[in-house]
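Along the sequence shown, the residues carry numbers beginning at 1. For the numbers below, each heavy atom of this structure counts, side chains included, while hydrogens, waters and symmetry mates do not.
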Amino acid sequence: AKRPNLTWIVLVHRDNLRNQWEEKLATEFPNGNFRVVTANQILNECSTTNYIQTDFLIADELHQYYGNEFIKCIDGT
């Protein structure tokens with residue numbers, strides 16, 4: 001069964017990667033519920049909500065997010 005209301009966040013560490021992901025996703029999934037955000041955007045959101053909420057998280061270049069502030073933001077601990 002299709003689940004059209006699933007949310008996706010793609011986490012990137014640079015604006016140029018955000019632009020690449022946005023272009024690709026807009027082409028491949030024109031009706032998708034995607035957000036492409038930079039690490040700084042996520043940290044700003046987590047300063048008020050404590051963690052991000054999404055059904056799927058893609059962390060482009062995962063090694064960029066090993067800091068405790070990212071781990072707390074991603075897993076909510």
Less than 4.5 Å apart, any side-chain heavy atom of Gln41 and any of Asn44? no
Is the closest side-chain heavy-atom distance between Val10 and Leu25 below 4.5 Å? yes
Show every disulfide (SG to SG under 2.5 Å) that has at least one partner inside residues 36-71, sequence neighbours left out. Cys46-Cys73
Non-neighbouring partners of Thr7 that pass side-chain hydrogen bond (donor to acceptor under 3.5 Å, both in side chains), sequence neighbours left out: Thr54, Asp55
Test side chain to side chain contact (heavy atoms under 4.5 Å, CB included) applied to Asp15 - qualifying residues, sequence neighbours left out: Arg18, Thr38
If the condition is side chain to side chain contact (heavy atoms under 4.5 Å, CB included), which residues does Arg35 pass it with, not counting sequence neighbours? Ile9, Val37, Glu45
Not counting sequence neighbours, list each pair that qualifies as a ring-ring contact (aromatic ring centres under 6.0 Å, His included) and has a residue in residues 10-37. Trp8-Phe34, Phe29-Phe34
Let me confirm one number: the CD-CG distance from Gln20 to Asp60, rounded to the nearest 0.5 Å. 8.5 Å
Determine whether Ile58 and Leu11 satisfy the following criterion, side-chain contact (heavy atoms from CB on, under 4.5 Å), listing intermediate values before the conclusion. CA-CA 6 Å; Ile58 299 170; Leu11 176 60; over 6 Å; no
